[in-house]
Amino acid sequence: MAQVQYDCSRGNHQNITNSTASPVGHEQIQLLLHVCKEAKKSAYCPYSHFPVGAALLTCDGKIFSGCNVENACYSLGVCAERTAIQKAVSEGYVNFRAMAIASNTEEDFIVPCGACRQVMREFSRDWDIYMTKPDGTYIVKTLQELLPLSFGPEDLKKF
Ligand code: THU
């Protein structure tokens with residue numbers, strides 16, 4: 001499969017999202033939707049019985065998947081989004097263009113929790129989060145929209 005390189009620097013692109021980075025193409029979006037749905041099948045969630053899958057697109061066009069991984073010590077459970085980010089970072093990827101998230105909830109689009117939004121924020125404010133339903137429909141927001149007035153690495157340099 002051809003890898004698409006994304007210009008993740010700030011630009012002035014017209015897009016379906018409010019992101020200023022280069023648009024994610026239709027095929028790539030469909031692939032992200034497919035990968036997050038597949039990743040959900042690996043969810044380890046014996047306590048919540050709430051499987052979640054994530055697909056993280058890097059600016060290099062690489063996709064990392066993730067699922068939620070729960071623990072008998074409940075608070076140690078980790079969300080699908082953070083699993084995907086940790087997999088990517090641990091393999092040397094820190095520039096992200098988009099993430100898609102899937103759950104089994106039919107009525108609502110799955111949204112990332114506050115902790116995951118903050119972990120996403122570490123790497124940029126300007127990337128797209130695709131929140132899906134099992135029927136394949138989705139809504140997309142930038143991280144800036146999901147976590148306005150956020151605290152990030154730049155803030156540590158200000159004092
Ligand atoms: N969960 C995720 O993995 N991502 C979300 O966006 C929401 C919640 C997980 C955490 C926990 O394993 C289960 O779903 C129930 O909260």
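Every number for a ligand or one of its atoms is a count from 1 in the order of the listing. Since the model is a prediction, treat every value here as computed from it, not as a measurement.
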Shortest protein heavy-atom distance from [atom], along with the residue and atom involved:
atom: atom 6 (O) of ligand 1; result: E81 OE2, 2.6 Å
atom: atom 9 (C) of ligand 1; result: N68 ND2, 3.5 Å
atom: atom 11 (C) of ligand 1; result: E70 OE2, 3.2 Å
atom: atom 10 (C) of ligand 1; result: C79 SG, 3.8 Å

- Check whether any N or O atom of V111, backbone or side chain, sits under 3.5 Å from an N or O atom of ligand 1, and answer yes or no.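 Yes.
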- Query: Quick one: does A80 get an N or O within less than 3.5 Å of an N or O on ligand 1?
  - Reply: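 By distance alone, the answer is yes.
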- Item | Contact with ligand 1 for P112, non-hydrogen, under 4.0 angstrom |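 Per 4.0 Å heavy-atom rule, P112 contacts ligand 1.
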- Message: Main chain of G66, side chain of T83: is a donor-acceptor contact present, judged purely on distance under 3.5 Å?
- Response: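 Answer holds: no.
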- Counting distance only, does the side-chain N/O of R117 pair as donor-acceptor with the main-chain N or O of P112 below 3.5 Å?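 Yes; judged by distance alone, with no hydrogens or angles, the pair exists.
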- Using 4.0 Å as the upper bound for N to carboxylate O, is an ion pair formed by E154 and K157?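 A salt bridge is absent here (no side-chain N lies under 4.0 Å from a carboxylate O).
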- Message: If we count only non-hydrogen protein atoms and require a distance under 4.0 Å, does atom 16 (O) of ligand 1 qualify as touching the protein?
- Response: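 So far as the 4.0 Å threshold goes, atom 16 (O) of ligand 1 is out of reach of every protein heavy atom.
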- Determine the minimum heavy-atom distance between S42 and C67, stating which atoms define it.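 Reported closest heavy-atom pair: O-SG, 3.4 Å.
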- Query: Which option out of I110, V52, T83 puts a heavy atom nearest to atom 1 (N) of ligand 1?
  - Reply: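 That would be V52.
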Would you say the side chains of [X] and [Y] form a donor-acceptor pair under 3.5 Å?
X: T137; Y: D135; value: yes
X: S48; Y: E70; value: yes
X: T142; Y: N18; value: no

- Task: Heavy-atom contacts with S48 under 4.0 Å: which atoms of ligand 1 show up? List them by number with element.
- Result: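 Those atoms are 13 (C), 15 (C).
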